[in-house]
Each structure stands twice: as structure tokens, then as C-alpha cells.
Amino acid sequence: MQDAPPLATGSHDATQLSEDPRVLQQMIGELLTTIGQLRSTIDKQAAHIDYLVRMTFGRRSERVEGPTLFDGFTPPAPETPAAEPAPPSEETVVLKRKGHGRRKRSADLPCERQVLEVTGPERACPCCGQERVKIGADVSERLDYRPACLFRQVIERPT
């Protein structure tokens with residue numbers, strides 16, 4: 001359990017409690033007010049954290065776009081009033097990406113192509129014995145890592 005922050009109760013000290021019941025009642029009133037404020041702040045923060053967690057990690061149907069970590073909390077007001085009003089903000093349209101799945105590989109990565117050739121006996125047709133003609137290829141691509149070097153490896157298998 002964490003240590004509680006010191007309460008702002010004026011110049012009252014726990015070692016110097018007064019015998020006067022009115023002073024003690026005033027101190028208790030201040031403490032109850034402080035406790036109420038702290039509980040209110042904790043409740044607001046817990047609700048905000050729950051909202052942010054639901055927004056970030058919830059189901060897609062429950063997610064909400066746009067709010068930031070500090071929504072709902074007002075910053076302290078500046079002591080000097082602002083003389084000029086802010087210029088009107090321009091609306092920005094956010095375009096959604098079409099499709100889904102993985103992003104394309106970066107074109108600036110070096111590429112190593114590897115062609116897997118079929119041996120001579122495998123090229124022969126089992127029916128007539130003539131050499132088969134290449135009609136296409138299955139091409140797969142993956143990111144590979146060599147120490148201090150990231151590159152694309154493309155493997156082509158004739159079909």
C-alpha cells in the first residue's frame with residue numbers, strides 16, 4: 001500500500017492536537033472535505049481509464065475514435081487573458097485505407113531472388129517423356145535478417 005499524501009489542513013499537526021472540541025470538529029470537517037474531493041478525483045480518473053482502455057482494446061464495435069488521454073480534464077487557466085481569438089480550424093478529412101491484410105514491403109529494401117530449378121529427370125513428362133514447358137511460377141516473399149542487414153528474400157518455384 002502506498003503512503004498517503006500529506007493533507008493540507010493548515011498548521012495542524014498530529015502531535016499538537018487541541019483539547020477544544022470545536023477545533024477538532026473543524027479539523028474533522030476539513031478532513032472529510034479532502035477525502036470527498038480525493039474520492040471524486042479517483043472516480044473520475046478510474047472512469048476515464050476505463051473509457052480509454054475500452055477505446056483502445058475493446059471490440060471494434062465499441063471503439064471510439066478521437067479522444068486523447070487528457071479529455072475531460074481542464075488545464076489550469078492562464079493568469080493573463082488571451083487578446084486574440086484563435087483562427088478557425090480547418091476540417092481535415094481522414095481517408096480510410098481500402099482492403100485489409102499486411103502492408104506491402106518497402107521498395108528500398110535490398111532483394112535477393114532465388115529460383116528453384118527442377119532437375120532434368122523431373123522435367124520429363126511421365127506420359128510422353130518430352131520436356132515440360134514452364135507455364136508459371138509460385139512466388140513467395142518474406143523478410144529475412146542477416147546481422148545488421150534487413151533484406152527481402154524472394155523464392156520462385158516453377159509450376
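- Among all heavy-atom pairs drawn from R132 and P126, the shortest one is NH2-CD, 3.2 Å.
- From E112, atom CD reaches atom CD1 of I155 across 10.5 Å, with rounding to the nearest 0.5 Å.
- Side-chain contact between I28 and E30 is absent, with no heavy atoms from C-beta onward closer than 4.5 Å.
- Here CD1 of I42 is found 12.0 Å from CD of Q37. Values are rounded to the nearest 0.5 Å.
- Closest of all the heavy-atom pairs between G129 and A124 is O-CB, 4.0 Å.
- R157 places a side-chain heavy atom less than 4.5 Å from the side chain of S140.
- Of the charged side-chain nitrogens involved, at least one lies within less than 4.0 Å of a carboxylate oxygen, so that E156 and R113 count as a salt-bridged pair.
- Listed for the T159 side chain is no donor-acceptor partner under 3.5 Å among the backbone atoms of D138.
- Classification of K134 and E117 as a salt-bridged pair fails, no side-chain N sitting under 4.0 Å from a carboxylate O.
- Residue I135 qualifies as open at atom CD1: its count of foreign heavy atoms under 6.0 Å is 12 or below.
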Steps toward side chain to side chain contact (heavy atoms under 4.5 Å, CB included) verdict (V23, Q25): CA-CA 5 Å; V23 174; Q25 285 178 347; over 6 Å; no
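- With a 4.5 Å cut-off on side-chain heavy atoms, R152 and E141 count as touching.
- Side chain of T33 to main chain of G29: a donor-acceptor pair is present (N/O by atom type, distance under 3.5 Å, no hydrogens or angles).
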Side chain to side chain contact (heavy atoms under 4.5 Å, CB included) between V53 and I49, worked out: CA-CA 6 Å; V53 166; I49 289 171; 4.2 Å; yes
